[in-house]
Amino acid sequence: MATTTTKTLRIITQTPFKDNTAQLKDLTEEAKKKLLYFNPETVLKVFVDPKIQDDHYRFTLAEGQKINGKTSWYVFKDHVKIE
């Protein structure tokens with residue numbers, strides 16, 4: 001990650017965390033079943049890559065957090081607020 005400053009990632013629209021920047025419409029039904037959706041007002045402490053990739057933020061969970069054993073995820077930029 002290019003930044004070491006902890007940020008707050010706030011979900012503003014229900015959205016999945018993904019392994020890559022693929023759009024939902026391009027995923028197979030099997031891949032869609034494996035997505036992890038998060039609801040509005042979910043708040044996480046993260047390190048965010050300042051470079052937006054294909055309209056997605058790449059972030060790493062802070063404070064040793066993991067989701068499904070992983071620390072790094074992609075999320076669509078318009079579905080979250082970085083503070």
Side-chain angles (χ1 to χ4, degrees):
M1 291 266 116
T3 183
T4 57
T5 304
T6 303
K7 301 284 187 178
T8 299
L9 182 141
R10 183 178 309 275
I11 307 297
I12 56 176
T13 300
Q14 185 181 48
T15 194
F17 289 0
K18 301 183 289 184
D19 292 333
N20 56 53
T21 61
Q23 292 188 17
L24 290 179
K25 68 180 179 70
D26 297 331
L27 297 177
T28 65
E29 288 305 313
E30 190 63 31
K32 288 178 185 178
K33 290 178 186 176
K34 295 178 182 178
L35 293 175
L36 298 172
Y37 280 85
F38 290 83
N39 292 318
E41 297 310 313
T42 299
V43 176
L44 298 166
K45 294 291 184 191
V46 298
F47 301 106
V48 179
D49 187 334
K51 182 181 174 215
I52 294 175
Q53 302 172 40
D54 297 324
D55 291 328
H56 288 74
Y57 288 115
R58 180 173 183 265
F59 67 92
T60 299
L61 297 164
E63 302 169 351
Q65 301 174 85
K66 291 184 180 181
I67 298 173
N68 277 9
K70 291 184 50 156
T71 58
S72 293
W73 296 93
Y74 288 91
V75 66
F76 183 61
K77 69 177 182 67
D78 292 346
H79 291 177
V80 298
K81 183 175 182 183
I82 305 294
E83 304 169 323

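Starting from 1, each residue takes its place in the sequence as its number.
Atoms NZ and CG, from Lys66 and Leu61 in turn, are 10.5 Å apart once rounded to the nearest 0.5 Å. One distance of note links CD of Glu63 with CG of Leu44; it measures 10.0 Å at 0.5 Å rounding. Distance check: Lys32 NZ to Lys25 NZ gives 10.0 Å after rounding to the nearest 0.5 Å. Atom-to-atom distance recorded for Leu27:CG and Lys33:NZ is 13.5 Å, nearest 0.5 angstrom. The CG atom of Asp54 sits 8.5 Å away from the CD atom of Gln23 when rounded to the nearest 0.5 Å.
Ile67 and Phe59 fall within a single hydrophobic cluster, where Ile, Leu, Val, Met, Phe, Trp and Tyr are joined by side-chain heavy atoms under 4.5 Å apart, directly or via other members. Hydrophobic clustering keeps Phe47 apart from Val43 (ILVMFWY residues linked when any side-chain heavy atoms are closer than 4.5 Å, directly or through intermediates). Taking hydrophobic clusters as Ile, Leu, Val, Met, Phe, Trp and Tyr residues chained together by side-chain heavy-atom distances below 4.5 Å, Leu36 shares a cluster with Tyr57. Residue Phe76 is not grouped with residue Val46 when hydrophobic side chains (ILVMFWY) are merged at heavy-atom distances under 4.5 angstrom, including chains of intermediate members. Under the 4.5 Å side-chain heavy-atom criterion for Ile, Leu, Val, Met, Phe, Trp and Tyr, Tyr74 and Leu35 are members of distinct hydrophobic clusters.
Here the side chains of Lys70 and Asp19 are in contact, with some heavy-atom distance below 4.5 Å. Side chains of Thr13 and Asp78 form no contact here, defined as non-hydrogen atoms less than 4.5 Å apart. Taking 4.5 Å as the limit, every side-chain heavy atom of Val75 sits out of range of all side-chain heavy atoms of Trp73. Within the 4.5 Å cutoff, side-chain heavy atoms of Lys45 are placed close to those of Thr8. Taking the side chain as every heavy atom from C-beta outward, Glu41 and Arg10 approach each other to under 4.5 Å.
Shown here are the ring-ring contact (aromatic ring centres under 6.0 Å, His included) partners of Phe38, two or more places apart in sequence or in another chain: Phe17.
Within 6.0 Å of NZ in Lys34 there are 12 or fewer heavy atoms belonging to other residues, nucleotides or ligands.
Taking a cutoff of 4.0 Å between a charged side-chain nitrogen and a carboxylate oxygen, Glu83 and Lys7 do not qualify as a salt bridge.
No donor-acceptor pair closer than 3.5 Å links the side chain of Gln14 to the backbone N or O of Tyr37.
Taking each heavy atom of Gln65 and Thr71 in turn, the nearest pair found is O-CG2, 3.6 Å.
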